[in-house]
Amino acid sequence: MTTTLESPTAASLLAWYDRHHRDLPWRVSPPMAARGVKPDPYRVWLSEVMLQQTTVPAVKAYFAKFLERWPTVNDLAAAANEDVMAAWAGLGYYARARNLKKCAEAVAADHAGRFPDTEEGLRALPGIGDYTSAAVAAIAFNRQAAVMDGNVERVISRLYAISAPLPGAKPLMKHKVALLTPADRPGDFAQAMMDLGATICTPKRPVCSLCPFNGACQALAAHDPERFPVKAAKKEKPVRQGAAFVAVNDDGEIFLRRRVESGLLGGMTEVPTTGWTARIDGETGIEAAPFPADWQPAGTVTHVFTHFELRLSIWRAKSVTQNDNHDGWWAPVTNLEEQALPTVMKKAIAQAIPNAFAKMPLEQKSGIHS
DNA sequence: AAGCCGTGGAA
DNA sequence: TTTCCAAGGCT
C-alpha cells in the first residue's frame, strides 16, 4: 500500500511547541510571552554562546553564575579577563570565553551597549557565526532567520531523507529550513525545532509517535529515521603524552602559571607542563621540570580532548622554598576555585594532592590513576 | 577547507 | 567499555 506524505508546516510545529516546550532559564516561553515578557538580547546571546557544542545541563549553572555576577553586557565588558576565564573554567572551548569578552566590549563600546538586531550586524561580532547570529536575530529580535544547529540538521535530514553527508549537505539543509521558517514567531519556531531534536527526534530511538511531523517525515515513511543525518567518517584520536609538575610550599600554596592566549586551553591557568605536542614517544619525565626541586612521581592522569588523548605523568614536590621561575604565582591550595583551571589541570592537581578540591570535590573524575 | 578547539553524560 | 555528540566558530 502507498502512503501520501503531508507537507510539513510551521504551524504544526508551533502548536506542538506551545504544549511541549522545555522551560529553560534563558527562555521566554509562550506563556511568559503572553504575559508580556520580552527576551533580553544579552541573555539570549550569553546562553547561545554557552550552548555551542555544550549540553543544556552543563550550561545551567554557568548561565546563572554569569548572570548574577554580570547582569548586563556593560558589566561583562567592564569585567577583568581573568575573572571571566575563571568563571568559564570547566565549560570547555575556551576561545568562546575570550570571544565572549571581546564581543561584550564591542557591544559596549561600538553599539552603546545594545546588540545589533540583524543577522548581519550580529555576525560581525567575535564568537558569533552562522548559527548564533541567526539564533539571536530570531529569538531576541523576532527576525525571520533560518536557524540551523545539530538538532535542526537531524530533524531536516530526516524530514526530507537527505542522503548527502554532512557537512557538505549543510547549504541544502539550510535552504529547507529557510523555506519552513515562518514570518510570525520565527524565534519560537527555531526553539521548537531544537526542542524537537532534543526530546523527540533524538539521534537514537526517536519517538516518532509523538512528533508533529510524523505525517510528513520521509525518513519515517522509509522506516529508518536513524539512518539520518549521514555524516562523514571521523578520524581516530592519536595519543599524546606529557608531564605535569605540582609544586607545593610550606604555606600550603601551589605554583601556577598562565598559558599563552591562543591554542589549546588558551589564556587558562595551569601547573607547569610539557608541551603535549609529542606523540606517545615524547618526554614524560623529570627532565622537563620547570625548576629544581625534590620531584617525586605521583601517578598518571588521562584526559580526552577533542582531537587527541593525553596521558600525563604527574610529578609532585613538597616544601618547595624557592625557584628561579618567575613566570607564575603561588596560590592557596584551599582556594583553587578562584583560579581559571581547566578540568585537565584540576585532575592533575587532584592526583598530586588528593584533598585539594575537598570543599568542592572533583567527584570521581575518570582518568586518575595511582 | 579541513583541522583545531573541552567536557561530560547517555546509550 | 566504547562511541557518540551537545543551541559551533575560527583559521
Side-chain angles (χ1 to χ4, degrees), chain A residues 22 24-27 43-63 85 88-100 102-103 122-140 145-155 166-168 170 174 177 187 189-199 202-206 226 229 231-238 240 259 261-268 276-277 302-310 340-347 362-367:
Chain A
R22 291 178 290 177
L24 300 171
W26 45 84
R27 170 174 290 176
R43 299 186 188 201
V44 174
W45 161 76
L46 178 62
S47 66
E48 291 299 344
V49 173
M50 287 184 167
L51 286 161
Q52 290 167 4
Q53 295 291 288
T54 308
T55 59
V56 165
V59 164
K60 282 183 176 176
Y62 286 85
F63 179 78
M85 299 309 288
W88 194 278
L91 200 53
Y93 283 137
Y94 298 99
R96 291 186 295 169
R98 300 194 298 270
N99 285 329
L100 188 84
K102 290 178 189 170
C103 182
L122 291 159
R123 183 69 174 77
L125 292 166
I128 299 184
D130 288 335
Y131 164 75
T132 305
S133 58
V136 175
I139 297 170
V147 178
M148 189 171 74
D149 73 326
N151 289 302
V152 179
E153 287 172 357
R154 189 166 53 254
V155 172
L166 288 168
K170 265 191 168 184
K174 177 127 179 170
V177 177
F189 176 82
Q191 294 178 91
M193 287 287 278
M194 293 187 278
D195 275 22
L196 189 70
T199 65
T202 49
K204 302 297 181 186
R205 302 198 50 152
E226 286 189 20
K231 297 188 176 183
K234 44 184 65 85
K235 298 172 50 178
E236 67 177 284
K237 294 181 180 179
R240 299 182 189 176
R259 293 175 64 85
E261 279 299 310
S262 61
L264 185 72
L265 308 178
M268 300 297 285
W276 312 344
T277 55
T302 64
H303 189 76
V304 181
F305 291 100
T306 307
H307 56 293
F308 69 94
E309 175 183 331
L310 177 64
L341 289 167
T343 297
V344 64
M345 296 302 165
K346 289 188 175 183
K347 286 163 78 169
L362 198 58
E363 314 84 45
Q364 321 311 334
K365 293 287 187 190
S366 61

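Throughout, a chain's letter reflects where its sequence line sits, starting with A, and its residues are numbered from 1.
- Residue whose closest nucleotide on DNA chain B sits further toward the 5' end, between A/T55 and A/K204: A/T55.
- For A/N99, the listed nucleotide lying nearest its side chain is C/dC10; candidates were C/dC10, C/dA7, B/dG6.
- DNA chain C is contacted by both A/M194 and A/R123; A/M194 maps to the nucleotide lying nearer its 5′ end (nearest heavy atom per residue).
- Rounding to whole angstrom units, CG of residue A/L100 and C1' of C/dG9 are separated by 13 Å.
- With rounding to whole Å, A/R43 atom CZ is found 22 Å from C/dA7 atom P.
- B/dG6 and C/dC5: their C1' atoms are spaced 13 Å apart (whole Å).
- Using a 4.0 Å heavy-atom distance criterion, A/W45 is classed as making no nucleic acid contact.
- When heavy atoms are screened at a 4.0 angstrom cut-off, A/I128 is found touching the sugar-phosphate backbone but no base atom.
- When rounded to the nearest whole Å, the span between CZ of A/F63 and C1' of C/dA7 equals 13 Å.
- Looking at heavy-atom distances under 4.0 Å, A/G263 makes contact with sugar-phosphate atoms alone, never a base.
- Side-chain atoms of A/T54 come within donor-acceptor range of the base of B/dG6, with a qualifying N/O pair under 3.5 Å.
- Atoms CG (A/L91) and P (B/dG8) sit 10 Å apart, rounded to a whole Å.
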- request: Check step by step if side-chain contact (heavy atoms from CB on, under 4.5 Å) holds for A/L265 and A/W276.
  value: CA-CA 12 Å; A/L265 308 178; A/W276 312 344; 4.1 Å; yes
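- Here C/dG9 presents its C1' atom at 15 Å from CG of A/L51, a figure rounded to the nearest Å.
- A/H303 has no side-chain polar atom (N or O) that falls below the 4.0 Å cut-off from OP1 or OP2 of B/dG6.
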message: A/V152 vs A/Y131, test: side-chain contact (heavy atoms from CB on, under 4.5 Å). Steps then yes/no.
response: CA-CA 11 Å; A/V152 179; A/Y131 164 75; over 6 Å; no
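- Listed nucleotides B/dG6, B/dC5, C/dG8 differ in distance to A/H307; the shortest reach to its side chain belongs to B/dC5.
- Proximity of A/W45 to A/L100: side-chain heavy atoms (C-beta onward) are separated by under 4.5 Å at one or more points.
- Within 4.0 Å of A/T132, counting heavy atoms only, lie sugar-phosphate atoms of the nucleic acid but no base atom.
- Closest to the side chain of A/Q52, from the set C/dA6, C/dG9, B/dG6, is C/dG9.
- For A/F305 and A/H307, the ring centers sit 6.0 Å or farther from each other.
- A/P57 comes within 4.0 angstrom of nothing in the nucleic acid, heavy atoms only.
- Side chain to side chain, A/R27 and A/Q191 meet the donor-acceptor criterion of an N or O pair below 3.5 Å.
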message: Is there a side-chain contact (heavy atoms from CB on, under 4.5 Å) between A/Y93 and A/Q53? Walk through the geometry before answering.
response: CA-CA 9 Å; A/Y93 283 137; A/Q53 295 291 288; 3.7 Å; yes
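- Comparing B/dA11 with C/dA7, their P atoms sit 14 Å apart, to the nearest whole Å.
- Backbone-only engagement by A/G90 is indicated by non-hydrogen atom pairs under 4.0 Å involving sugar-phosphate atoms exclusively.
- Residue-environment remark: NZ (A/K170) stays at or below the threshold of 12 foreign heavy atoms within 6.0 Å.
- Distance A/K346 NZ to B/dT7 P: 10 Å, rounded to the nearest Å.
- Residue A/T343 has its side chain nearest to B/dG8 when only C/dC5, B/dC5, B/dG8 are considered.
- Of the candidate nucleotides B/dG6, C/dG8, B/dC4, C/dG8 has the atom nearest to the side chain of A/Y131.
- Among the atoms of the strands shown, base atoms are found under 4.0 Å from some heavy atom of A/R22.
- Nucleic acid contact for A/V49: none, since no nucleic acid atom lies under 4.0 Å from a heavy atom of the residue.
- A/L310 comes within 4.0 angstrom of nothing in the nucleic acid, heavy atoms only.
- Note: CD (A/E226) to C1' (C/dT3) measures 14 Å, nearest angstrom.
- For the C1' atom pair drawn from C/dG8 and B/dA1, the interatomic distance equals 16 Å after rounding to whole Å.
- A/E236 has its CD atom 14 Å from the C1' atom of C/dT2, to the nearest Å.
- Of the candidate nucleotides C/dC5, C/dA6, C/dC10, C/dC5 has the atom nearest to the side chain of A/K234.
- A/R98 has no side-chain polar atom (N or O) that falls below the 4.0 Å cut-off from OP1 or OP2 of C/dG9.
- In the set B/dT7, B/dC4, B/dG6, the nucleotide with an atom closest to the side chain of A/Y93 is B/dG6.
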